[in-house]
Amino acid sequence: MQKKSIVSAKQEPNEKYKDKFTGDKFTGDFIIKNLLEKNDSREQEMYYVTFKDGCRTRPHIHASEQILIATEGKGIVVFAKRILIEPNDITKTEVEIEKTVMMEKGDVICVPAFMLHWHGCIDNNEDFTHIAIRKRTELENIWF
């Protein structure tokens with residue numbers, strides 16, 4: 001294992017975060033740095049994510065727990081009970097919120113596996129950055 005630096009870690013191309021079915025996985029501008037390649041850790045993924053100008057992820061589900069560690073700014077994590085999609089018009093959706101958690105620098109939260117959630121900036125006036133850690137799985141994330 002070689003030492004890595006968040007500062008010098010290479011930024012992932014944003015095009016990598018487009019889904020062929022749902023489109024963009026983020027609602028705005030973001031920067032993602034992959035801190036653990038497969039040759040660094042076969043078991044864990046770790047990303048340094050900056051959400052800019054109010055950006056958030058789209059609702060999604062992971063097959064393993066995800067630990068979020070806030071490093072800069074103020075952010076939000078929203079847990080949903082369910083998302084209802086109108087079968088005849090998928091642009092009409094209804095989300096039932098279970099819990100909303102505000103995050104500031106130093107806060108840590110664990111998102112349970114298979115929990116529908118999204119996260120990012122609280123508002124448009126401040127960027128939010130977190131470290132995201134989760135176990136590598138064969139299953140792809142599910143994006144809405």
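The basis for the numbers below is simple: all heavy atoms, side chains too, and nothing from hydrogens, waters or symmetry mates. Everything numeric here is computed off the predicted structure, so don't read it as measured data.
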Open item on the list: Please check: side-chain N/O of Arg136 versus main-chain N/O of Gln44, any donor-acceptor pairing under 3.5 Å?
Closed with: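 Here the side-chain-to-backbone pair exists.
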- Item | Check: Asp127 side chain, Asp53 main-chain N or O, donor-acceptor pair, under 3.5 Å |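 Present.
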Glu43 CD: over 12 foreign heavy atoms closer than 6.0 Å: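 No, because the 6.0 Å sphere around CD of Glu43 holds 12 heavy atoms or fewer from other groups.
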Tell me if the CD atom of Glu140 is crowded by more than 12 foreign heavy atoms within 6.0 Å. no
Quick one: are [X] and [Y] in side-chain contact, heavy atoms under 4.5 Å?
X      : Y      : value
Leu116 : Phe144 : yes
Ile97  : Val78  : yes
Thr100 : Ile76  : yes
Ile131 : Ile133 : yes
Gln66  : His119 : yes

*asked:* One thing to verify: whether Lys81 and Glu98 come together as a salt bridge, which I'm taking to mean a side-chain N less than 4.0 angstrom from a carboxylate O.
replied: no
What heavy-atom pair brings [X] and [Y] nearest, and what distance separates the two atoms?
X      : Y      : value
Leu36  : Glu45  : CD1-C, 4.5 Å
Ser64  : Arg134 : OG-NH1, 3.5 Å
Val77  : Ile109 : CG2-CG2, 4.2 Å
Ile122 : Arg56  : O-NH2, 3.0 Å
Leu139 : Thr137 : O-OG1, 3.0 Å
Ala80  : Trp118 : CB-CZ3, 4.0 Å

May I ask you to check whether Thr71 and Thr129 show a side-chain donor-acceptor distance below 3.5 Å?
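On atom types as modelled, these side chains do not qualify, holding no pair under 3.5 Å.
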ring-ring contact (aromatic ring centres under 6.0 Å, His included) pairs touching residues 62-109, sequence neighbours excluded, are His60-His62, His62-His117
Check whether the ring centres of His130 and Phe51 lie less than 6.0 Å apart, and answer yes or no.
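Centroid distance His130-Phe51: below 6.0 Å, so yes.
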With sequence neighbours left out, the residues meeting side chain to side chain contact (heavy atoms under 4.5 Å, CB included) with Asp123 are Asn125, Glu126
